[in-house]
Enquirer: 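Below is one structure. I have some questions about it.
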Amino acid sequence: MPLTRDDHLRHEISGRFARESVAYCLILPEHGMMGHWYTWVDDAGRGGRAFVLHGAGPDPIFFDHRDGLDTGAQNFDDWHLDGASLRVGKPLQTADVRFESDDLSVEFTFAGIHPAFDYGSNADGTPGYLAQNRYEQTGRIVGELRWRGEVYAFDGPGHRDHSWGTRDWDAIHHYKWIAASGADCSANLMWTMAEGEVDVNGYLYVDGLQSPILNASIGTEYGADYVQDIVTAEITDEAGRTVTLDLDRRHTLARWDVSPTFNFSDTMFTGRLGDNQVRAYVEYTWPRAYLDHLLARSVKSAAHVG
């Protein structure tokens, strides 16, 4: 189903796992940091907000999270929730975003470099365990972050997404979500294994053409702590193009549990999308028990070698 002019607003959602969320990704290799502005709401109007700042890791260097807040009747075009605010300019194109706390503040503008892409445009649509629908978009992000007496100015590519419907974390075995952003190019790839099947969503935007991803092959080199250290992908889109994404330098890591049973391993990379330089937010996920098994196995293997 194509996006409508009102899809930047809240949607009717219902059910046990109902959730609507908006995220902005600050991808800042020049500062050795990555930021994640995030807000959400459920079908009862209870919501939350978070701002996470990633550094060398493994723990986030800043994490401010509030949940169970009454969102009232406000909408995402003029959203204010416990220090987090979002004001939409041109729908599905521009926005002003802020976060303020006692310890950190950030403000920035977002301007899309291509149309927002909805996962319903992919061949098999949006996976039902992930959302009713979801859109992703790279844009130019310009602003300042103030933290620990320092001011970090930024002006470059970043990314955002908005999803609504079901979000059932425990239905997912594993996913790889990659948002690669350049000055005039972009790739968003979500490779998900759930319910015994693999789903592929996302798009390519290169040479002025945006097209849904048809298929993708991803290779990963993992470090000692089972963190993605090098990521490569061969991406084929519906326009018949095959483009290589080569992310060969990891800058940050933030590993944290989004729920008691499900873990995020968030990383920032620089590399190339075809002939274009890109910076990327790369998130790998694991059931917490499975990740603990992988980590324990790595420790035992290292001890055996030593």
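Keep in mind that what you see is a predicted model, and the values were worked out from it rather than measured.
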Enquirer: Using a 3.5 Å cut-off and no angle test, enumerate the donor-acceptor pairs between side-chain atoms of residues 213-224 and protein atoms at least two apart in sequence or in another chain.
Expert:
from: Thr220; atom 1: OG1; to: Tyr284; atom 2: OH; distance (Å): 2.7

Enquirer: Please work out which of the three classes, parallel, tilted or perpendicular, describes the rings of Tyr203 and Phe117, given edges at 30° and 60°.
Expert: tilted
Enquirer: Partners of Ser181 by side-chain contact (heavy atoms from CB on, under 4.5 Å), sequence neighbours excluded?
Expert: Ile27, Thr138, Pro157, His159
Enquirer: I need the Tyr135 OH to Asp118 CG distance, nearest 0.5 Å.
Expert: 10.5 Å
Enquirer: Restricting to side-chain contact (heavy atoms from CB on, under 4.5 Å), what partner residues turn up for Asp78, sequence neighbours left out?
Expert: His80, Arg87
Enquirer: Rounded to the nearest 0.5 Å, how far does CH2 of Trp37 lie from CG of Leu86?
Expert: 4.5 Å
Enquirer: Would you call the rings of Phe262 and Phe264 parallel, tilted or perpendicular, where under 30° means parallel and over 60° means perpendicular?
Expert: perpendicular
Enquirer: Can you hop from Trp286 to Tyr175 via hydrophobic side chains spaced under 4.5 Å?
Expert: no
Enquirer: To the nearest 0.5 Å, how far apart are CG in Asn133 and NE2 in His162?
Expert: 10.0 Å
Enquirer: Taking the cut-offs as 6.0 angstrom to the six-membered ring centre and 45 degrees off its axis, would you call Arg167 and Phe17 a cation-pi pair?
Expert: no
Enquirer: Write out all pairs satisfying side-chain hydrogen bond (donor to acceptor under 3.5 Å, both in side chains) with one or both partners inside residues 100-112, taking only residues at least two apart or from two chains.
Expert: Arg98-Glu107
Enquirer: What residue among Glu136, Gln137, His114, Gln210 forms side chain to side chain contact (heavy atoms under 4.5 Å, CB included) with Ser186?
Expert: His114
Enquirer: Rounded to the nearest 0.5 Å, how far apart are CD1 of Ile172 and CG of Asp168?
Expert: 7.0 Å
Enquirer: Is there a path of hydrophobic side-chain contacts, each under 4.5 Å between heavy atoms, that joins Val206 and Leu245?
Expert: yes
Enquirer: Might you point out which heavy atoms bring Thr71 and Arg46 nearest each other, and give the distance in Å?
Expert: CG2-C, 4.4 Å
Enquirer: Only pairs under 3.5 Å count here: list side-chain donor-acceptor contacts from residues 50-65, not counting sequence neighbours, and write none if there are none.
Expert:
from: Asp64; atom 1: OD1; to: Arg49; atom 2: NH1; distance (Å): 2.7
from: Asp64; atom 1: OD1; to: Arg49; atom 2: NH2; distance (Å): 3.2

Enquirer: With clusters built from Ile, Leu, Val, Met, Phe, Trp and Tyr whose side-chain heavy atoms come within less than 4.5 Å, directly or transitively, what are the remaining members of the cluster of Val227, listed by chain and number?
Expert: Leu253
Enquirer: Would you compute the distance between atom OG1 of Thr267 and atom CG of Leu247 and round it to the nearest 0.5 angstrom?
Expert: 8.5 Å
